[in-house]
Amino acid sequence: MVQIKMTTHLLGANELLANKNRRLFEEKGMLVINLMSSPGAGKTTILERTIEMLSGKIRIGVIEGDLYTDQDAVRIGNKGIDVIQINTEGACHLDAGMVGKAFEQLPNSELDLLFIENVGNLVCPAEFDLGEDYRAVVLSTVEGNDKPMKYPLIFHQARAVLLNKTDLLPYTDFDLDRFREDLVRINPSAEVFEVSGRTGEGIEDWLQWLLEEVKKKQLLR
Ligand code: MG
Ligand code: ZN
């Protein structure tokens, strides 16, 4: 009983902070994407590719959520863009308060596109609004095609779903048709991108979509 009350309270407080973040992001005309997946699906690799290929075209920043380390933030920083690390010290998701504080520390907050790489987890990150425009979920072929059915909430809310590691498809039992069918059932309007962060295959379509969404957001400003 007490636990339920606390959870409700925390989610309510999170909602206020998420709305505050959203107003700030809107003032700046910045597209914000909350990138989620299980550990090892390839969020950071996809971000590295994305940053490399969009560098010079738009201004990108990254907020990196991790349990304890800064390894991913170092990888992103090596691409020459601003990155702020959040260490959740064991908490398995980011919340809006953490993101608001991290955003204040970005050296340059005038961006076209901000990625928030969430903690690797397909469950509770789905319950925390960070003030983002869109959620994007990465699933890799080595995890199996049953993930959308097992974690429907996170896939249901996603504006974009990236199926990563398509280069490994021949070495897995991943059922691509089944995955596509399940996803249509759970979230018929999701944009689906089949990519390989490692080889770069399919990344072009994802970038095209991102650039269009960045433009739309700036027109709304
Ligand atoms: Mg990562
Ligand atoms: Zn959590």
Side-chain angles (χ1 to χ4, degrees), residues 11 31-54 62 64-67 71-72 75-76 88 91-94 113 115-130 132-214 216:
L11 280 172
L31 181 73
V32 182
I33 296 196
N34 177 2
L35 193 60
M36 305 188 284
S37 78
S38 51
K43 294 185 297 302
T44 311
T45 306
I46 285 173
L47 279 183
E48 286 175 311
R49 279 270 170 197
T50 302
I51 294 160
E52 278 166 20
M53 294 176 76
L54 291 183
V62 175
E64 258 306 317
D66 266 301
L67 296 170
Q71 293 168 10
D72 289 355
R75 285 170 62 188
I76 297 297
T88 61
C92 49
H93 59 268
L94 293 179
L113 176 59
F115 283 107
I116 304 166
E117 181 177 335
N118 217 312
V119 178
N121 177 349
L122 288 176
V123 187
C124 51
E127 289 171 24
F128 287 82
D129 183 2
L130 306 179
E132 72 274 20
D133 293 285
Y134 294 144
R135 296 174 173 195
V137 178
V138 181
L139 168 70
S140 71
T141 58
V142 294
E143 294 170 73
N145 55 271
D146 57 352
K147 291 296 173 293
M149 295 304 273
K150 282 189 169 172
Y151 303 94
L153 180 63
I154 202 162
F155 285 94
H156 174 71
Q157 296 172 336
R159 181 70 180 81
V161 175
L162 292 101
L163 178 66
N164 189 27
K165 308 191 188 181
T166 51
D167 53 314
L168 300 181
L169 266 175
Y171 312 105
T172 70
D173 295 326
F174 194 91
D175 185 335
L176 198 52
D177 292 334
R178 186 66 197 272
F179 161 75
R180 289 169 178 153
E181 282 164 26
D182 288 347
L183 201 55
V184 166
R185 209 169 307 148
I186 292 167
N187 184 350
S189 60
E191 301 280 342
V192 184
F193 302 98
E194 296 174 6
V195 305
S196 166
R198 202 170 66 86
T199 68
E201 190 191 358
I203 292 284
E204 201 57 53
D205 292 342
W206 156 246
L207 300 181
Q208 214 47 53
W209 178 76
L210 280 175
L211 287 174
E212 277 163 28
E213 294 301 325
V214 164
K216 278 187 212 164

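Computed from heavy atoms alone, side chains included, the values below leave out hydrogens, waters and symmetry copies. Keep in mind the model is a prediction, meaning the values are calculated, not measured.
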Mind checking whether [X] and [Y] have side chains closer than 4.5 Å, heavy atoms only?
X: Asp146; Y: Asp175; answer: no
X: Ile116; Y: Ile33; answer: no
X: Asp66; Y: Val119; answer: no
X: Glu64; Y: Leu47; answer: yes

Can you name the side-chain hydrogen bond (donor to acceptor under 3.5 Å, both in side chains) partners of [X], sequence neighbours left out?
X: Gln71; value: none
X: Arg180; value: Glu194
X: Glu117; value: Thr44
X: Lys43; value: Ser37

Practice prompt. Determine whether more than 12 heavy atoms belonging to other residues, nucleotides or ligands lie under 6.0 Å from atom CZ of Arg75.
Written response: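 It does: Arg75 CZ has more than 12 such atoms within range.
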Discussion item. Looking at Glu204, I'd like to know if its CD atom is crowded, meaning that more than 12 non-hydrogen atoms belonging to other residues, nucleotides or ligands lie closer than 6.0 Å.
Written reply: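 Result for CD/Glu204: open.
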Sequence neighbours excluded, which residues qualify as side chain to side chain contact (heavy atoms under 4.5 Å, CB included) partners of [X]?
X: Val123; value: Asn121, Tyr151
X: Val214; value: Leu31, Ile58, Asp112, Leu113, Gln218
X: Thr199; value: Asp167, Ser196, Glu201
X: Asp182; value: Met149, Arg178, Arg185

Fill in: CD1 on Ile203 to OG1 on Thr50, rounded to 0.5 Å
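So the gap between those two atoms works out to 5.5 Å.
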Worksheet entry | From Asn145 atom CG to Leu139 atom CG, the distance as rounded to the nearest 0.5 Å |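 If we round to the nearest 0.5 Å, Asn145:CG and Leu139:CG are 8.5 Å apart.
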Which residues satisfy the salt bridge (charged side-chain N to carboxylate O under 4.0 Å, His left out) test with [X], sequence neighbours excluded?
X: Glu191; answer: Arg159
X: Glu143; answer: none
X: Asp205; answer: none

Discussion item. Can you tell me how the ring of His93 sits relative to the ring of Phe128, calling it parallel under 30°, perpendicular over 60° and tilted otherwise?
Written reply: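 Ring orientation, 0 to 90° scale: parallel.
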Fill in: Donor-acceptor contact present, side-chain Ser38 to main-chain Leu122, <3.5 Å
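No, the answer is negative, given that no donor and acceptor are paired below the 3.5 Å cut-off.
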Discussion item. Determine whether a donor-acceptor pair (N or O, by modelled atom type, separation under 3.5 Å) exists between the side chain of Asn34 and the backbone of Leu130.
Written reply: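 Side chain of Asn34 to backbone of Leu130: no pair is present.
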Worksheet item: Which residue pairs pass the ring pair (Phe, Tyr, Trp, His ring centres under 6.0 Å) test when at least one of the two sits in residues 154-184, sequence neighbours left out?
Response: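 Non-adjacent pairs meeting ring pair (Phe, Tyr, Trp, His ring centres under 6.0 Å): Phe174-Phe179.
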Worksheet item: Between Ile186 and Pro148, which heavy-atom pair has the shortest distance, and what is it?
Response: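 Scanning both residues, the minimum pair turns out to be CD1-O, 3.0 Å.
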